[in-house]
Number of protein chains: 2
Amino acid sequence: MAGGERRLQILRVAMRLFSQRGFRGTTTKEIARAAGVSEAMVFRHFATKEELYSAVLDHKACLHDDLDPLQRVADAIARKDDRAVFEGMALDALNQHDCDPEFQRLLLHSALEQHELAHMFWEKFVRRVYRSLRSYIRQRQRDGAIKHVEPFVIVRAFIGMIIHHSLNNNLWDRERQLLKISNQAAARAFTEILLNGVATSPQSRANGDGRQRSRVETPKRKRSKK
Amino acid sequence: MAGGERRLQILRVAMRLFSQRGFRGTTTKEIARAAGVSEAMVFRHFATKEELYSAVLDHKACLHDDLDPLQRVADAIARKDDRAVFEGMALDALNQHDCDPEFQRLLLHSALEQHELAHMFWEKFVRRVYRSLRSYIRQRQRDGAIKHVEPFVIVRAFIGMIIHHSLNNNLWDRERQLLKISNQAAARAFTEILLNGVATSPQSRANGDGRQRSRVETPKRKRSKK
DNA sequence: AGCGATGGTAAGTAAGCACTTACTTTCAAC
DNA sequence: GTTGAAAGTAAGTGCTTACTTACCATCGCT
């Protein structure tokens with residue numbers, strides 16, 4: 001097997017094991033065995049276990065790196081279709097966590113172990129999502145469509161619903177005993193709650209078919225405060 | 001030092017270290033040193049490291065065991081004061097996580113390691129909170145104060161906001177760089193979003209009374225899939 | 001005084017860990 | 001057909017780990 005191939009294979013095996021058992025819970029021998037090679041092979045490709053771990057985290061993180069988290073909903077943003085914006089982001093995140101639960105586990109492990117990835121991910125991804133969403137929310141607040149609540153609070157509330165739901169599905173309630181719901185339905189429900197929760201005038205959303213409504217509703221309504 | 005005292009002291013030290021570094025990341029030697037005794041002392045009080053870990057988890061978990069999570073807001077429930085119910089629970093949880101961040105870390109570690117505590121906590125605490133809140137929500141739905149959304153979805157959304165906020169504060173953003181907000185304000189903001197998000201009609205919320213309104217409009221079947 | 005229970009330790013032990021060394025096999029390029 | 005590097009390994013090395021043993025010290029109690 002060629003060098004690059006083997007390296008990648010070891011990386012993938014390590015990724016799986018690290019995400020299952022954490023850094024300290026995984027031995028280099030296990031990794032080697034799972035990859036079907038000797039331990040020495042692992043250390044030929046990665047100088048230390050730490051380096052292998054970093055490579056794993058890098059490999060995962062770089063997938064999230066270069067894409068703007070709001071890009072997938074860019075047209076919804078342009079249309080100022082709040083529902084499409086939030087529901088799209090939610091669905092994206094839920095699907096992502098669903099088909100790659102390893103990442104969430106790795107992230108948690110590294111956060112608990114205070115590995116630099118946790119910090120990096122925070123800086124490079126989380127902050128960006130927060131800022132992007134804030135700028136959108138601010139705009140919609142100026143439009144009079146969203147209440148003048150601190151935007152970051154809204155972002156946190158929304159991301160909280162989504163991440164916590166994923167965490168439940170991946171970590172605690174894998175059988176979905178407590179709540180069995182499709183990602184679609186979850187994204188829709190959470191979005192509904194959030195948007196109704198922060199809308200300036202509830203009537204504008206209450207009748208539910210705000211979906212696919214192309215025009216922005218109530219551009220300059222009177223802004224009532226809390 | 002008397003036997004019981006020492007045992008408790010070791011337990012507390014272990015609690016701190018386990019929560020910081022996890023089970024595998026903490027050595028019995030470290031625990032002994034931090035407790036100012038020899039390693040043999042640790043093993044006199046706890047037969048194995050596993051047993052010590054279990055004792056730690058038990059000790060933490062039993063604090064949450066015998067109290068009804070909704071007891072603290074019982075009068076608010078009786079009054080059907082939704083705001084007080086949810087805000088009270090949120091504030092309680094946030095304060096709890098604030099003054100005992102160890103617990104959240106221990107819980108996460110044990111969930112990742114698939115330790116039985118994770119399951120126990122889920123069964124004994126989480127499920128109960130979910131069920132209690134559901135029963136309250138159902139009642140308020142019958143009252144016509146809350147939309148007919150699956151109650152567990154509402155619970156998950158609400159708990160999600162709170163837990164995720166705590167997780168942020170304890171794990172990722174301890175400096176509160178991204179969002180600095182008091183527990184009071186957070187509890188109020190999240191409650192506001194949730195209640196407005198699931199209220200049947202804005203008026204019924206606005207003046208705070210839970211007046212019975214006529215049957216709820218359920219737009220469930222109205223929507224067609226895209 | 002003596003004695004056993006209790007609180008404590010120094011110095012192990014065997015297994016497991018990350019990592020190394022010294023060696024063999026494979027195979028394409030001259 | 002030789003060679004030289006790359007792919008691969010068996011068998012270590014030294015250190016750390018959870019856990020043990022064998023022994024000391026200080027009591028309260030007859």
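In what follows, chains carry the letters A, B, and so on, assigned in the order in which the sequence lines appear, proteins first and then strands, with residues in each chain numbered from 1. Atom set for the values below is all heavy atoms of this structure, side chains included, hydrogens, waters and symmetry mates excluded.
- Going from atom NE2 of His45(A) over to atom P of dC19(C) covers 16 Å, rounded to whole Å.
- Using a cut-off of 4.0 Å between Lys/Arg side-chain N and Asp/Glu carboxylate O, Glu175(A) and Lys180(A) are scored as not salt-bridged.
- Rounded to an integer number of Å, the gap from CG of Leu17(A) to P of dA18(C) is 12 Å.
- Taking the six-membered ring where tryptophan is involved, the planes of Phe23(A) and Tyr53(A) are tilted, since the angle between them lies from 30° to 60°.
- Side chain of Glu39(B), nearest nucleotide from dG8(D), dT21(C), dA18(D): dA18(D).
- Atom CE of Met41(B) and atom P of dA11(C) are 18 Å apart (whole Å).
- Classified by interplanar angle (parallel below 30°, tilted 30° to 60°, perpendicular above 60°), the ring pair Trp122(A)/Trp172(B) is parallel.
- Considering only side-chain atoms of Lys49(B), the nucleotide from dG8(C), dT9(D), dC19(D) that sits closest is dC19(D).
- Contact annotation: Arg6(A) side-chain N/O to dG8(D) OP1/OP2 distance is under 4.0 Å.
- One can place CZ of Arg44(A) at 12 Å from C1' of dT24(C), the figure rounded to the nearest angstrom.
- Per the geometry, NZ belonging to Lys29(A) stands 12 Å off C1' belonging to dG12(D), to the nearest Å.
- In this entry the distance linking CZ of Arg7(A) with P of dA7(D) reads 12 Å, nearest Å.
- Ranking dC17(C), dA18(D), dT9(D) by closeness to the Thr27(B) side chain, first place goes to dA18(D).
- Note: CZ (Phe43(A)) to P (dT9(D)) measures 14 Å, nearest angstrom.
- Of the candidates dT21(D), dG8(D), dT9(D), the closest approach to any side-chain atom of Ala40(A) belongs to dT9(D).
- Taking the centre of each ring, Phe190(B) and Phe158(B) stay at or above the 6.0 Å mark.
- The side chain of Thr28(A) contributes an N or O atom lying less than 4.0 Å from OP1 or OP2 of dA18(C).
- Protein atom CD of Glu50(B) is 17 Å distant from nucleotide atom P of dT17(D), rounded to whole Å.
- Within the 3.5 Å criterion, the main-chain N or O of Val149(A) finds a donor-acceptor partner in the side chain of Gln141(A).
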